[in-house]
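Working notes, beginning with the structure itself.
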Amino acid sequence: MAHQIVKILVDVHLKKLLKDEDLDRDLKITIEDKGPKNFLITTLDGDEIKIKGHYPLSNLLQFLAYVHQKHEKICELNVNDLYRSPLDQINCQINKHYWNALTRTFDEEGIVKLLEDPKREKFGRPVIYVPEQDQRAYNYYTEIASKHRYLKLKVTKLPLKKDKKLYKKLDEKPGLLALSSEANPLQGNPFVVPGGRFNEMYGWDSYFIIEGLLQSNRFELALSMLKHLLYQIEYYGKILNANRTYYLTRTQPPFLTTIIRLMLKHCKTHTWLERALNAVIKEYFFVWMSSTRSTVIGLNRYHGEGDKEPLEVEKDHFETAYRPYAQQSNQLVKDYRDAYLNGSINEPKLDDFFIHDRSMRESGHDTTYRLVNVSDDLAPVDLNSLLYKYETDIADIISNYFKGSFKDSNGNLHIAQSWIERATKRQKLVSKYLWNKEKGMFFDYNVKTNSQHVYESATTFYPLFSGLATAQQAQSLIKNALPLLEFGGGVAGSSKESRGEISQDRPLRQWDYPFGWAPHQMLIWRGCQSYGYSKIAQRLAYKWLYMISKEARDYNGTITEKYDVVSLSHKLAAEYGNVGNDFGFYPDGGFGWVNASYLIGQTILSDDQLQALKNLESPESYFA
């Protein structure tokens, strides 16, 4: 191109671009806009450069909007950048903008943003709850509240003992839970949220985000997040679903040992390792091996505490659950719900429904028909695979970094061999109860009915990620499960047959067919690689990255939390909508684990596959 770097007026071009090309006035330029897709840039030197096509024009819109945000009137534009491949464009956006956009700080400067909770109505004065043992943090946040009185911020000590009585009290006055004030104080103790509408740190999202951060060489930010996770175990007793009071009742899938091992690969010094191993051992015994999460068959389950509706959901989220009972009593759903929640109506079946619902939310798979109304009774494949990995990881860390034995902070001695024995025992139990030889897949086990819960789900591949599966089981999974779950955009959350028919009373669930999620893709890629199925991992990764690239190209850089892997689209109608789609000018950070999957997926592909992806060659043609 004749003109590579030129100087142009920002506001003039931004206004004209929106007027001429954004004809639906949604502050985006997409494939659906009916403008001429033919725009003239006038440089300060008087030259005119014609930009053709919605994709380079959407890149121009994003670039001008970023510069406009900085209040710059004149900018330098590399015209060639407007035409770079979606692969290169997305990589640039993730590394240059998206991680920063999703980063929050738990300090004086960032506290205002953190207090915002768009998932809940206003409850009067904002509150930060600080563990009563952490006097340093209490003093720190009290000083902030005193200094910025306009915030009307209340800082309250959270009792060490947490029980149902406390949970109910907190539900009446929910607030933000403090994170570590010593994670990385020089940078404001930063952490990364899943998506732009979130202002709290989420449990299992953090593992995938950390892997993406490390791929972007953001080691200090990743380490800060690890320290926040350790703080949660030390002061709240568990890694929280997220650091709001209404999440104190549950944790999320266990990935801490995987994070630790990732960090060890990127870390020259291991001053934090002893603390981390103490924390993960505490979590293992006091959370996952507790009586509430143990089962009679020796495997473990998810279990969220509390009763009735979880506080964070929208008011109409459970309408289909209430409707049959409301109809039986000739009441409006709203009136029945209010009566049930205030205790005027007693309905044991609804009580059970919400116990299972809270358990399902702890699993991270909220929601799926695999777990609706049954989650609390299941020993699930995903959890027990991850706990097997905990046991083998702990054994490996003790062997390689503590000479085979480790004395924890309570004086208990841990021998690497004993953790290997735990893992071996779990592996045998998983093969006995969760492996279905006839179908060649792993299924959850219902300890109440003493039978397998036969639901074809992407979670059947977790034993590949954890290393629990035998070589024969892995081969069988690839042969039998993958054809049921693999589609044009990657792996779906479930098979269509297991999901069943959808109706007004049985709506779509976002973790089921036809939707695909980044964590499933990443875990399956890693699992396939570790069992020698690298070519399959490449094919699956290519499909996922192709879909993301195509949608970003066609829809102004859009990156969302989930995708329809059957239609290869981010446009979907499912519960909670699709975070990452609602923005103007440019994506508000994309979505944390999707950003990570995009970076990690490229490390799996060959050079030829990366070049094909740059050219957006379809998976069907490339892998034909």
Side-chain angles (χ1 to χ4, degrees), residues 87 90-91 94 194-195 204-212 214-215 253 255 258 262 363-365 368 370 381-382 385-386 456-466 474 477-478 481-495 510-531 533-552 559-570 572 574 578-580 590-605 609-610 613 619 622-623:
L87 181 73
I90 296 170
N91 284 339
I94 291 173
W204 76 317
D205 291 73
S206 293
Y207 157 63
F208 301 97
I209 289 169
I210 285 172
E211 187 166 8
L214 292 174
Q215 190 62 35
F255 281 95
T258 307
L262 270 176
S363 80
H365 294 89
T368 164
R370 175 174 73 97
V381 175
D382 44 327
S385 297
L386 294 174
E456 295 154 354
S457 163
T459 55
T460 195
F461 290 104
Y462 273 58
L464 299 189
F465 171 73
S466 68
L477 280 170
I478 297 298
L482 197 56
L484 300 173
L485 299 167
E486 180 183 354
F487 297 95
V491 177
S494 77
S495 70
Q510 63 177 0
W511 284 89
D512 284 330
Y513 172 94
F515 309 125
W517 290 77
H520 285 167
Q521 316 306 314
M522 294 172 71
L523 297 179
I524 293 170
W525 301 340
R526 294 301 195 205
C528 286
Q529 283 183 307
S530 64
Y531 280 81
Y533 298 99
S534 294
K535 290 185 178 179
I536 292 175
Q538 288 177 328
R539 185 181 74 225
L540 296 175
Y542 189 98
K543 286 183 172 185
W544 179 253
L545 268 60
Y546 170 83
M547 176 180 60
I548 294 171
S549 301
K550 177 184 70 69
E551 290 297 275
I559 291 180
T560 52
E561 70 169 341
K562 56 184 176 285
Y563 290 84
D564 183 328
V565 296
V566 178
S567 65
L568 277 67
S569 175
H570 75 282
L572 46 88
N578 202 5
V579 180
F591 199 84
W593 57 28
V594 179
N595 299 345
S597 72
Y598 199 81
L599 299 177
I600 298 303
Q602 293 171 62
T603 68
I604 293 172
L605 301 182
Q609 290 166 345
L610 284 170
L613 187 61
Y622 186 81
F623 291 98

Before you tell me yes or no, could you show the steps for Arg539 and Glu486 under salt bridge (Lys or Arg N to Asp or Glu O under 4.0 Å), namely the whole-Å CA-CA distance, both residues' side-chain angles and the distance that decides it to 0.1 Å? CA-CA 10 Å; Arg539 185 181 74 225; Glu486 180 183 354; 2.8 Å; yes
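- One N or O on the side chain of Lys550 and one on the backbone of Leu568 form a donor-acceptor pair closer than 3.5 Å.
- For Trp511 (side chain) and Gly516 (main-chain N/O), no donor-acceptor pair under 3.5 Å exists by modelled atom type.
- Results of the side chain to side chain contact (heavy atoms under 4.5 Å, CB included) test with Ser494 over Leu484, Thr460, Asp512, Thr459 single out Asp512 as the only residue that passes.
- Expressed to the nearest 0.5 Å, how far CD1 of Ile94 lies from CG of Leu599 amounts to 4.5 Å.
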Pair Ile210, Phe255 - check side chain to side chain contact (heavy atoms under 4.5 Å, CB included), show working. CA-CA 11 Å; Ile210 285 172; Phe255 281 95; over 6 Å; no
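- No donor-acceptor contact under 3.5 angstrom links the side chains of Ser385 and Asp382, judged on distance only.
- Side chain of His365 to backbone of Ser363: a donor-acceptor contact under 3.5 angstrom is found.
- To the nearest 0.5 Å, atom OH of residue Tyr622 and atom CD of residue Gln609 are 4.5 Å apart.
- In terms of heavy atoms, Pro514 sits closest to Val566 at CB-CG2, 3.5 Å.
- Taking 4.5 Å as the limit, every side-chain heavy atom of Leu477 sits out of range of all side-chain heavy atoms of Leu482.
- Scanning all heavy atoms of the two residues, the minimum distance from Gln510 to Phe515 falls at O-CB, 3.3 Å.
- For Leu613 against Ser549, the heavy-atom pair with the smallest separation is CD1-OG, 4.3 Å.
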Please step through side chain to side chain contact (heavy atoms under 4.5 Å, CB included) for the pair Leu485 and Ser457, ending with a clear verdict. CA-CA 8 Å; Leu485 299 167; Ser457 163; over 6 Å; no
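- Between the side chain of Glu456 and the backbone N or O of Ser495, no donor-acceptor pair lies under 3.5 Å.
- Here the side chains of Val381 and Phe461 are not in contact, with every heavy-atom distance at 4.5 Å or above.
- The minimum heavy-atom distance linking Ser569 with Glu551 is given by the pair CA-OE1, 3.5 Å.
- For the pair Ser530 (side chain) and Gly527 (backbone), a donor-acceptor distance under 3.5 Å is present.
- Using a 4.5 Å cut-off on side-chain heavy atoms (C-beta onward), Trp525 and Trp544 make contact.
- With hydrogens and angles ignored, the 3.5 Å screen pairs a side-chain donor or acceptor of Gln521 with a backbone N or O of Val491.
- Counting heavy atoms from C-beta outward, Phe465 and Leu386 have side chains that approach closer than 4.5 Å.
- By the 4.5 Å heavy-atom criterion applied to side chains, Pro519 and Trp204 are counted as neighbours.
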Going through the checks in order, is the side chain to side chain contact (heavy atoms under 4.5 Å, CB included) test met by Thr258 and Phe208? CA-CA 10 Å; Thr258 307; Phe208 301 97; over 6 Å; no
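- Here the closest non-hydrogen pair linking Gly601 and Leu545 is C-CD2, 3.9 Å.
- Looking at heavy atoms from C-beta onward, Glu561 lies in side-chain contact with Trp517 at the 4.5 angstrom threshold.
- Interatomic distance, Tyr533 OH to Leu464 CG, rounded to the nearest 0.5 Å: 8.5 Å.
- Rounded to the nearest 0.5 angstrom, Ile559 CD1 and Phe591 CZ are separated by 11.5 Å.
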Could you go through Leu87 and Tyr598, starting from their C-alpha distance and side-chain angles, then the distance that decides it, and tell me whether this counts as side chain to side chain contact (heavy atoms under 4.5 Å, CB included)? CA-CA 9 Å; Leu87 181 73; Tyr598 199 81; 3.3 Å; yes
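- Using a distance-only test at 3.5 Å, with no hydrogens or angles considered, a donor-acceptor pair links the side chain of Lys543 to the main chain of Phe487.
- Contact check for Gln538 versus Gln529: no side-chain heavy atoms found under the 4.5 Å cut-off.
- To the nearest 0.5 Å, atoms CD (Gln602) and CG (Leu610) are separated by 6.0 Å.
- In this structure, the side chains of Leu262 and Tyr207 come closer than 4.5 Å at one or more pairs of heavy atoms.
- Atoms CG and NE2, on Leu540 and His520 in that order, are 13.5 Å from each other to the nearest 0.5 Å.
- Taking the six-membered ring where tryptophan is involved, the planes of Tyr546 and Tyr542 are essentially parallel, since the angle between them stays under 30° and well short of 60°.
- No donor-acceptor pair closer than 3.5 Å links the side chain of Asp564 to the backbone N or O of His570.
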